[in-house]
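Below, read A as the first sequence line, B as the second, and so on, with proteins coming before strands; counting in each chain starts at 1.
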Number of protein chains: 2
Amino acid sequence: MRKSATSRVTILDVAKMAGVSPSTVSLVLNGKHDRMGEETRERVMDAVTKLGYSANHMARALKTGFVPTIGLVVPTVANPFWGEFARRVEHAALAQNYQVLLCNAERSPAREQLYVESMLARGIRGVILGSSPLSLQHISGAAKCGLQVVVFDRLMQGSEGLDFDSVRVDNVLGARLAITHLLELGHRRIGFVSGPLSSSSRKDRLEGYRSTLLSHGIEPDESLVWVANARPDNGEEEATEIGRLAAATQLRGPNPPTAFFAINDMTAIGIYAGVRDLGLRIPEDISVIGFDDINLCRSMNPPITTVRQPLEELMNSAVDLLIGRMEQKNLGPTTHVTLTPNLVLRGSTGPWRAR
Amino acid sequence: MRKSATSRVTILDVAKMAGVSPSTVSLVLNGKHDRMGEETRERVMDAVTKLGYSANHMARALKTGFVPTIGLVVPTVANPFWGEFARRVEHAALAQNYQVLLCNAERSPAREQLYVESMLARGIRGVILGSSPLSLQHISGAAKCGLQVVVFDRLMQGSEGLDFDSVRVDNVLGARLAITHLLELGHRRIGFVSGPLSSSSRKDRLEGYRSTLLSHGIEPDESLVWVANARPDNGEEEATEIGRLAAATQLRGPNPPTAFFAINDMTAIGIYAGVRDLGLRIPEDISVIGFDDINLCRSMNPPITTVRQPLEELMNSAVDLLIGRMEQKNLGPTTHVTLTPNLVLRGSTGPWRAR
DNA sequence: ATGAAAGCGCTAACAA
DNA sequence: TTGTTAGCGCTTTCAT
């Protein structure tokens, strides 16, 4: 049994110094029963500061069965979108005195499951799931153990007997916004570029792409949709690499697109690189539109036209929903929040011109 | 007292089902005393799987005083460098059966301290500190409580009575590599662009910049060093914004630089934007060199020439060092690992030409 | 080879 | 208003 070099000061030490019982100290610390001797309270607080006491969260959690922490599982922190996402969640959580445990699942259901179980073992009772595999089967065990879950980016079909609160942007609409914009600029051959269709948000965006084309009388050309394969290790290639390869390949094909709709901004950045490799210009030769509106969009040359997700509102809702469940203030049926994306016009899209 | 809806199965349930005592179950689970009835062991394992038992980490930690988790504090996950950094740490830690608790301090010493104390309260005994304020005073309390610390990116002067293991790249050399390269290309007016000099790595890079110039007979021109101010809220502007503003301002000045050395790649990306805003080209009109070598460098137009930090090796060392301390396998004096950076030539630097 | 019992640090009935 | 007591789930001597 490994023990810390310097054992910490406990509630007993405080009690002894203040000349009261441990339960009194606990009462003071937790602000219970304000009908308590003001003088006693002060003695206790004095001892606390003198001793530099700070509570042992594990002992408290073991006793109360409650941990003021929410778990956050994201597919990868290497993509700035998820970094921004995590910051928003953390901000909203901190405002309600919850901490955030951030987990990087690398788009692997196995890792996701591992993390979720580890959270449960640590007494964490609520988790926000970022984009991840379509099936939530691997989470069901945890859910049965009382774990509250809010998913981002996908609605459950309930087909698995699972039904979680969810929060997302209207992805079909987002895609429609993007494609309509391109169509209005005169583009007719629009490429769709994505990593594996591993989340319903991605499927929705593809659906929005197809349906918008159709509704404008254009038959979707399957040779124009590029969906990267998942890698054998269950991971996913870097979005930038996917975009670059897609652009290079598509543009050299027999009937190249004149515009690309990227599944997200990082993929759009990759497309930029692919386009440049061929000596083509954006937006003069090729238009590109992204999704998310990460900060980087403004720094690119040209700045990226994209579909913005209202991340702050989305994450505020997610955190409120989750904490409501954890504190049993919300016992109703599952809630699904869908917010509206909007198009941010910048420099990467321009009118179609014959080349 | 809030309790989980579905109480989890405990070691007692397993013991009952297997018809043994709880201590036997514990023994089996922890692989102790292999001189144990094979048949008993099987009965226990059977019960474990049937019941879907998984240990309560809090109870275990409370008892043993040991948590197989290391904390990782980074300044911001919105910058992909730190995302990559976190992935490396996580990878190295997982290989040794440790989990990683990722904390986003937003470059605020107050938040850093908060996180560190919260880790201590959760029984975490080791933490890796990414770049953060020069003073580690706010960590000293935790360190006295037995928290093991490995710092990245800075060496302690010991002036505060603190002395931690550390891991870093030779930042002075990194800057020398960059500046020498620019000098060899013929540049004489080289700008230095950075956010607040809030870490010794940044100070070192500035020192390397100055000393290299000096050693080549060039008197550093202070009007060429751009160091953004810290914001009142203790946070830091986005690196890209700093770069953009620096480039815009410097380039419009009376005696503009012909090349920029950016404190990191994200700042270099911001400089790209600032240069473009003025209708200038990279590298024809202006050369730019970054630091870190994040993946994004390869996707930019032109790809960014940069000073590479060997992140994988760095993080492997950090994790090994930390776990060695936590498991008391390493009791020696503090260790300081310094690795060598190397220049990655790409397209953002070119020969000086009179404009 | 296995069980009984103590206790990690804390909180929450219940007493006083 | 404050103290006593029992235990949260686990590990680990010490018995047997």
What is the separation between atom CG on B/Asn30 and atom P on D/dG9, rounded to the nearest whole Å? 17 Å
Could you tell me how far apart A/Lys16 (NZ) and D/dG3 (C1') are, to the nearest whole angstrom? 16 Å
According to a strict under-4.0 Å criterion, is B/Thr64 in side-chain N/O contact with OP1 or OP2 of D/dC10? no
In whole Å, what is the span from the CD1 atom of B/Ile11 to the P atom of C/dA6? 18 Å
Closest non-hydrogen atom pair between A/Thr335 and A/Asp165, with its separation: N-OD1, 2.6 Å
A/Leu29 CG to C/dT11 C1', straight-line distance once rounded to whole Å: 11 Å
Mind checking whether B/Val89 and B/Ile128 have side chains closer than 4.5 Å, heavy atoms only? yes
Which one, C/dG3, C/dC8, D/dT2, comes nearest to the side chain of A/Thr24? D/dT2
Distance in angstrom units between B/His57 NE2 and D/dT11 C1', rounded: 14 Å
What is the distance, rounded to the nearest whole Å, between atom CZ of A/Phe66 and atom P of C/dT11? 14 Å
How do A/Tyr53 and B/Gly37 order along DNA chain C: which one's closest nucleotide is nearer the 5' end? B/Gly37
A/Phe85 and A/Leu72 have their tightest heavy-atom pair at CE2-CD1, 3.7 Å
Could you work out which one of C/dG3, C/dT11, C/dG9 sits closest to the side chain of A/Asn56? C/dG9
Would you say A/Leu94 and B/Arg111 make side-chain contact, with heavy atoms under 4.5 Å? yes
Length of the CG-P vector between B/Leu27 and D/dC14, whole Å: 15 Å
Would you mind classifying the nucleic acid contact of A/Ala55 as base, sugar-phosphate or nothing, using non-hydrogen atoms under 4.0 angstrom? sugar-phosphate
Mind checking A/Thr10 for me? I need base, sugar-phosphate or nothing, with any heavy atom below 4.0 Å counting as a touch. sugar-phosphate
Output the rounded distance in Å from NZ (B/Lys32) to C1' (C/dG3). 16 Å
Counting heavy atoms from C-beta on, name the nucleotide in D/dG7, C/dG9, D/dG9 closest to the side chain of A/Lys63. D/dG7
In terms of side-chain heavy atoms of B/Ser23, which of C/dG3, D/dG3, D/dT1 is nearest? C/dG3
B/Ser26 side-chain proximity, nearest of D/dT11, C/dT11, D/dT4: D/dT11
To the side chain of B/Leu62, which of D/dT2, D/dG9, D/dC10 is closest? D/dG9
Heavy-atom side-chain proximity of A/Arg168 to A/Val151 below 4.5 angstrom: no
